[in-house]
Number of protein chains: 2
Amino acid sequence: MGIKIGKLAEMSGCQVVTIRYYEKEGLLPVPDRSQNNYRLYSENDVERLHFIRRCRMHGMNLAEIRQLLAFKDNPTVSCDWINSLVEKHIAEVERQIAALRHLKSHLQALLRQCPGGRHEGCGIIATLTECGDCPCCGSSCSLHKAEGTPAHGSSKSPEAAK
Amino acid sequence: MGIKIGKLAEMSGCQVVTIRYYEKEGLLPVPDRSQNNYRLYSENDVERLHFIRRCRMHGMNLAEIRQLLAFKDNPTVSCDWINSLVEKHIAEVERQIAALRHLKSHLQALLRQCPGGRHEGCGIIATLTECGDCPCCGSSCSLHKAEGTPAHGSSKSPEAAK
DNA sequence: CTTGACTCTATAGCCGCTATAGGCATTACG
DNA sequence: CGTAATGCCTATAGCGGCTATAGAGTCAAG
């Protein structure tokens, strides 16, 4: 008892600022303070933070984690909704995998448009400029509509937790 | 010539605000204005916006699109870097697919922990609480580290463009 | 003449953090 | 004892790619 925030961060593999953020978001309880105003955590908090981190890695967002924590703290109703939640996530993951596979085939088709080394008339630019149906799957291709494809280009480098 | 922003939005399948946003970001040129201060676009702008949208659907971020547009406007150098860019995206997409597949197996494992209908001792909660190795792949499982898994839970519903 | 559809600007919010600035507390070393 | 390196504190702003809201001007139809 009396774990400081840096130690907790180390134990849970997340950042100090993230812990304070979770506190602000109401996922972690307001902790005791030492006489010099440092946050002091207990073993309970360690477990709770681990739970939160594990949920995050399973793709849960903070609102869902809040619900799960509320249930965990006070499991008065059936947990069927948790099964449904997980099923919903599985379906969403499957949707994303399908979208990414589709995207991949598009990108591969793009690559074939340009053999490289050329100084003008890049086939990739040309293909991206064309208004016609896509060479991969025609006018009904879902890439022609706004689809919930994750913007992989903007994902941070993992930088594996030290 | 003289396409108003609403029409352009309709033609390109994106929102009016998004067009203004692209202008602010320097992807679309500052357009002419009608005498009542409405933006007026040309066929060139239509093509440019289509190009941008198509790039977005291929997972390019705005910085990358800026580069592609600069090249398109003034293709003085070799386009090899565009091939590399697309290859980089393919690799990233593959990484995400692998991560999502892994995540899916985790979620499915979670589902098996709880047959449902029970009023306490939910197996999913218990599994997420446990500190031990994950039931799917042991302590070395990448889900135990911070991995660049897209937060599918927070993705907006596609709401397919009208 | 009012209603409704469209346009304009400016600002704030979304998510889950991450970064920065400025300051206090503790500890190690000389 | 001084001082430098940590670690902790608060508060605020920024990331990406939009989306939402507020408040106001413009225009055509009924």
Side-chain angles (χ1 to χ4, degrees), chain A residues 2-28 30-41 49 52-53 55-66 92 146-159 161, chain B residues 2-28 30-41 49 52-53 55-66 92 146-159 161:
Chain A
I3 300 163
K4 280 190 284 180
I5 198 169
K7 179 78 175 154
L8 179 59
E10 192 189 337
M11 290 167 82
S12 61
C14 77
Q15 306 256 98
V16 166
V17 279
T18 304
I19 294 173
R20 289 198 279 248
Y21 174 70
Y22 289 160
E23 178 185 331
K24 201 177 56 155
E25 290 299 306
L27 298 180
L28 287 174
V30 174
D32 291 341
R33 299 281 183 143
S34 69
Q35 86 270 30
N36 53 8
N37 201 34
Y38 288 4
R39 288 169 177 82
L40 292 180
Y41 295 98
L49 182 52
I52 294 170
R53 293 309 293 173
C55 287
R56 287 292 296 129
M57 307 204 157
H58 283 84
M60 310 283 168
N61 63 32
L62 298 196
E64 289 164 338
I65 296 174
R66 241 187 298 270
E92 176 60 21
E147 187 144 319
T149 324
H152 63 273
S154 69
S155 72
K156 306 294 172 60
S157 52
E159 206 79 64
Chain B
I3 300 163
K4 280 191 283 178
I5 198 167
K7 179 77 174 154
L8 179 59
E10 193 189 335
M11 291 166 81
S12 61
C14 76
Q15 304 258 98
V16 166
V17 278
T18 303
I19 295 172
R20 290 198 278 249
Y21 174 69
Y22 289 160
E23 178 186 331
K24 202 176 54 147
E25 291 297 307
L27 298 180
L28 287 175
V30 174
D32 291 340
R33 299 283 184 141
S34 69
Q35 86 271 30
N36 53 8
N37 201 33
Y38 289 3
R39 287 169 179 82
L40 292 181
Y41 295 97
L49 182 52
I52 294 169
R53 293 310 293 172
C55 287
R56 286 292 296 129
M57 300 193 169
H58 283 84
M60 310 283 167
N61 63 31
L62 298 197
E64 289 164 338
I65 297 173
R66 240 187 299 270
E92 177 60 20
E147 187 144 320
T149 324
H152 64 274
S154 69
S155 73
K156 306 293 173 60
S157 51
E159 205 79 64

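Labels below follow one simple rule: chain letters A, B, ... track the order of the sequence lines, proteins then strands, and each chain is numbered from 1. Keep in mind that the numbers below use all heavy atoms, side chains included, and drop hydrogens, waters and symmetry copies.
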Exercise. Counting distance only, does the side-chain N/O of A/Thr18 pair as donor-acceptor with the main-chain N or O of A/Cys14 below 3.5 Å?
Worked result: no
Exercise. Which distance, rounded to the nearest 0.5 Å, do you find between the CD of B/Gln15 and the OH of B/Tyr22?
Worked result: 10.5 Å
For this session: Just compare D/dG25, C/dC17, D/dC18 and give me whichever is closest to any side-chain atom of B/Tyr38.
Result: D/dG25
For this session: Taking only the side-chain heavy atoms of A/Val17 (C-beta and beyond), determine which of C/dA25, C/dT18, C/dG16 contains the nearest atom.
Result: C/dT18
Exercise. Do the side-chain N or O atoms of B/Tyr21 get closer than 4.0 angstrom to the phosphate oxygens (OP1, OP2) of D/dG16?
Worked result: no
Exercise. Whole Å only: how far is the CD atom of B/Glu64 from the C1' atom of D/dG17?
Worked result: 14 Å
Exercise. What does A/Glu25 touch in the nucleic acid at a heavy-atom separation under 4.0 angstrom: a base, only the sugar-phosphate, or nothing?
Worked result: nothing
Exercise. Once you round it to whole Å, what is the distance between P of C/dT26 and NZ of A/Lys4?
Worked result: 9 Å
Seminar exercise, completed: When B/Lys24 and B/Gly6 are each assigned the nearest nucleotide of DNA chain C, the 5'-most assignment goes to B/Gly6
Problem set entry | Interatomic distance, A/Glu23 CD vs D/dA11 P [rounded to whole Å] | 12 Å
Exercise. What integer distance in Å separates B/Met57:CE from D/dG17:C1'?
Worked result: 13 Å
For this session: Taking only the side-chain nitrogens and oxygens of B/Arg33, find out if one of them lies under 4.0 Å from OP1 or OP2 of C/dT9.
Result: yes
For this session: State whether B/Arg53 places a side-chain N or O below 4.0 Å from either non-bridging phosphate oxygen (OP1 or OP2) of D/dC18.
Result: yes
Seminar exercise, completed: From the list A/Ile52, A/Leu27, A/Leu49, side-chain contact (heavy atoms from CB on, under 4.5 Å) with A/Ile19 holds only for A/Leu49
Exercise. Within the structure, does a side-chain N or O atom of B/Arg20 lie under 4.0 Å from either OP1 or OP2 of C/dT7?
Worked result: no
Exercise. Any donor-acceptor pair under 3.5 Å joining the side chain of A/Tyr22 to the base of C/dG16?
Worked result: no
Exercise. Once you round it to whole Å, what is the distance between C1' of C/dT7 and CD of B/Gln15?
Worked result: 15 Å
Exercise. Just how far, in rounded Å, is P of D/dG7 from CG of A/Leu8?
Worked result: 15 Å
For this session: Take atom CE of A/Met60 and atom C1' of C/dC15, then tell me their distance rounded to the nearest Å.
Result: 17 Å
Exercise. Under 4.0 Å: is that the gap between some side-chain N or O of B/Asn37 and OP1 or OP2 of D/dT26?
Worked result: no
For this session: Considering non-hydrogen atoms only, spot the tightest contact between B/Leu40 and B/Pro31 and give its length.
Result: O-CB, 3.6 Å
Exercise. At their closest point, which heavy atom of A/Arg56 faces which heavy atom of A/Asn61, and how far apart are they?
Worked result: NH1-CA, 4.0 Å
For this session: Kindly say if B/Thr18 contacts the phosphate of D/dG17, meaning a side-chain N or O under 4.0 Å from OP1 or OP2.
Result: no
Problem set entry | Backbone N/O of A/Glu25 and side chain of A/Arg66: donor-acceptor pair under 3.5 Å | yes
Problem set entry | Integer-rounded Å distance: C/dA5 C1' and B/Asn36 CG | 14 Å
Problem set entry | Nucleotide nearest B/Ile5 when distance is taken to its side chain, options C/dT7, D/dT26, D/dC8 | C/dT7
For this session: Look at B/Arg39 and C/dT9 and indicate whether a side-chain polar atom (N or O) is within less than 4.0 Å of OP1 or OP2.
Result: yes
